[in-house]
Participant: 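Provided herewith is a single structure, encoded as structure tokens, for subsequent inquiry.
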Number of protein chains: 2
Amino acid sequence: MPKVGMKDTRRQQLIDATMESIAELGMQNTTIVSISKRAGMSSGIISHYFGGKQGLIEAALRHLLDQLGRELLERMAKTDGSPEQRLDCIIESNFSEFQRSALAAKTWLSFWSRAMHEPGLHRLQQINNARLYSNLRYSFAQVLPANEATEAARQTAALIDGFWLRSALSADPSEHFEAGERLCKKFVHETLAQARA
Amino acid sequence: MPKVGMKDTRRQQLIDATMESIAELGMQNTTIVSISKRAGMSSGIISHYFGGKQGLIEAALRHLLDQLGRELLERMAKTDGSPEQRLDCIIESNFSEFQRSALAAKTWLSFWSRAMHEPGLHRLQQINNARLYSNLRYSFAQVLPANEATEAARQTAALIDGFWLRSALSADPSEHFEAGERLCKKFVHETLAQARA
DNA sequence: TTTTATTAATTGAACGTTCAATTAACAATA
DNA sequence: TATTGTTAATTGAACGTTCAATTAATAAAA
């Protein structure tokens, strides 16, 4: 059965299976059996590749964060540097196709909840929060005075997370995501427009 | 040891202990033992009063929701009926002293996460969401045209949930809560001011 | 005495981890 | 080319732990 050089493939398959299991069953009911079954492997392989269940959970969150980061870089590269466009980019990458899938959203919310009581996850979570905030603040600060930029960035960050949360909990996440993205942009544009007036 | 008429007292003590345990240990690590120990009782009492752990969890969420609802009614009674003041009331009750405690916030987020996969909790969650949204929409609609009121209500609801979420996850929840309340009100007031202009 | 309230002990299922055994691919040897 | 030795990949049963639920026993109140 074994082929050499399967390490990266297997790790990715297990991470995918982890997110599927969390999205379907919730973190509460996700076990190493529910994960390994979905990946078509045995339960022991998880400890072999990730040192244990906890290691796999953290690797899965790291994967989500990486994907979000890469998404943002890609979109940023395609625009000129105007604050308006950069802010749109940030919003879009947070609501992008990848995020839009109910699978990722549910997984993310499960991580959020557990992050409150598990330092490893909490650290990753805080890094992500800080990155979103500082990206927003940087662009606002090119148009608004310092303290107003701070407030606008906080509001926008909360708006994004809030729409996300409500979408993940709603019966029809994708519809909610679309409305959320639109209304986040609306807020940003009106905030900028008011500054110019 | 047993006294008659202890039912309501014991039930409330167990609900309080449940929220303490969830806030301290997380839902993951909250067991009937961790709850009953905090309440100074034996583990069997939970099944006796709530039919089991799940029944207690749902009762605790119901208690949080009731408290939020009562908080809102109280504040509403103290104001005139202007849309501006009513909106402030809604925001204040969502950020009130009770909510501000890290204990409630963490408990709430744990519930949110589990609500995705447990129909009983999900139902309670949706009722709460709908109530917040319709309260907001009603007040906005007295000043704004229908579709703008809808959008403003959605944005405000997302803002509240977003600040909440970020506060619960932050190192210093109470400071975040304060800033959140202020920035939610700022959004509402500027939205109303723009409509009048 | 009967009922209500409560406890302490017990049970059985479910879970994560570990590890000896197995398999397949590869490399060296003849 | 065929044989053999080596290693990476993978399995799944066994183990110890933890948990929710149940049970039987106990104590106070009516």
Side-chain angles (χ1 to χ4, degrees), chain A residues 1-22 24-61 110-111 113-114 117-121, chain B residues 1-61 107 110-111 113-114 117-121:
Chain A
M1 287 179 192
K3 277 189 201 169
V4 274
M6 282 286 91
K7 198 168 173 178
D8 288 351
T9 309
R10 292 281 175 268
R11 284 178 63 100
Q12 189 55 53
Q13 287 171 332
L14 284 169
I15 286 174
D16 291 344
T18 302
M19 296 198 291
E20 282 171 30
S21 176
I22 292 176
E24 280 178 40
L25 310 174
M27 187 130 261
Q28 169 93 187
N29 300 314
T30 288
T31 68
I32 56 169
V33 172
S34 80
I35 295 171
S36 52
K37 215 169 199 172
R38 248 158 263 259
M41 304 171 207
S42 85
S43 65
I45 203 80
I46 287 173
S47 292
H48 180 247
Y49 279 128
F50 294 94
K53 189 191 181 189
Q54 185 58 24
L56 174 52
I57 300 276
E58 287 193 27
L61 176 55
S110 294
F111 282 137
S113 169
R114 249 185 105 141
H117 302 97
E118 295 201 6
L121 296 185
Chain B
M1 286 183 183
K3 278 186 201 169
V4 260
M6 282 287 94
K7 200 168 171 178
D8 287 353
T9 310
R10 291 281 176 268
R11 285 178 61 101
Q12 190 55 52
Q13 287 172 333
L14 285 168
I15 286 174
D16 290 344
T18 302
M19 296 198 291
E20 282 171 30
S21 175
I22 291 176
E24 279 179 39
L25 311 173
M27 187 130 260
Q28 170 90 187
N29 301 315
T30 287
T31 69
I32 55 169
V33 171
S34 79
I35 294 170
S36 53
K37 214 168 200 172
R38 250 158 261 258
M41 305 171 206
S42 83
S43 67
I45 205 79
I46 287 172
S47 292
H48 180 246
Y49 280 128
F50 295 94
K53 188 192 182 188
Q54 185 58 24
L56 174 53
I57 299 276
E58 287 194 26
L61 176 54
T107 306
S110 294
F111 282 137
S113 169
R114 250 185 104 143
H117 302 97
E118 295 199 7
L121 297 184

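Order of the sequence lines sets the chain letters (A, B, ...), proteins ahead of strands, with each chain counted from 1.
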Participant: Using atom NZ of A:K37 as one end and atom C1' of D:dT11 as the other, report the distance to the nearest whole Å.
Facilitator: 15 Å
Participant: Who passes side chain to side chain contact (heavy atoms under 4.5 Å, CB included) against B:I22, sequence neighbours left out?
Facilitator: B:T18, B:M27, B:T30, B:I57, B:T107, B:S110, B:F111
Participant: Nearest heavy-atom pair of A:H117 and A:P119: which atoms, and what distance?
Facilitator: O-CD, 3.9 Å
Participant: Just call it for A:S47: base, sugar-phosphate, or nothing, with non-hydrogen atoms closer than 4.0 Å on any strand.
Facilitator: base
Participant: Please tell me if the side chains of A:F50 and A:I15 come closer than 4.5 Å, counting only heavy atoms from C-beta onward.
Facilitator: yes
Participant: How close or far is atom C1' of C:dT4 from atom CD1 of B:I45, stated in whole angstroms?
Facilitator: 11 Å
Participant: Measure from the side-chain heavy atoms of B:S43 and tell me the nearest of C:dT17, C:dA9, C:dT6.
Facilitator: C:dA9
Participant: Taking the side chain of B:M41 as heavy atoms from C-beta outward, which of D:dA21, D:dT11, C:dT7 is closest to it?
Facilitator: C:dT7
Participant: Do we see a donor-acceptor contact under 3.5 Å between the side chains of B:Q28 and A:E118?
Facilitator: no
Participant: Return each pair, listed once, that meets salt bridge (Lys or Arg N to Asp or Glu O under 4.0 Å) where at least one residue sits in residues 12-36 of chain B; pairs must be two or more places apart or across chains.
Facilitator: B:E24-B:R38
Participant: A:I57 CD1 to C:dT17 P: how many Å, rounded?
Facilitator: 10 Å
Participant: Once you round it to whole Å, what is the distance between C1' of C:dG16 and CD1 of A:I46?
Facilitator: 10 Å
Participant: When you check the phosphate oxygens OP1 and OP2 of D:dA9, does a side-chain N or O of A:R10 lie under 4.0 Å from one of them?
Facilitator: no
Participant: Describe the nucleic acid contact of A:G44 in one word from base, sugar-phosphate, nothing, applying a heavy-atom distance below 4.0 Å.
Facilitator: base
Participant: Taking atom C1' of C:dA13 as reference, at what distance in whole Å does atom CD1 of B:I32 sit?
Facilitator: 14 Å
Participant: From the list D:dA20, D:dG12, C:dT7, which nucleotide is the closest neighbour of the side chain of A:S42?
Facilitator: D:dG12
Participant: Take atom CG of B:N29 and atom P of C:dG16, then tell me their distance rounded to the nearest Å.
Facilitator: 13 Å
Participant: Atom CD of B:Q54 to atom P of D:dC19: distance rounded to whole Å?
Facilitator: 17 Å
Participant: Taking any heavy-atom pair under 4.0 Å as a contact, classify B:S34: base, sugar-phosphate, or nothing.
Facilitator: nothing
Participant: Reading DNA chain C from 5' onward, which residue's closest nucleotide shows up sooner: A:Q28 or A:G51?
Facilitator: A:Q28
Participant: Separation of A:F50 atom CZ from D:dA9 atom P, in whole Å?
Facilitator: 13 Å
Participant: A:Y49 side chain: which of D:dA21, D:dC19, D:dT10 is closest?
Facilitator: D:dT10
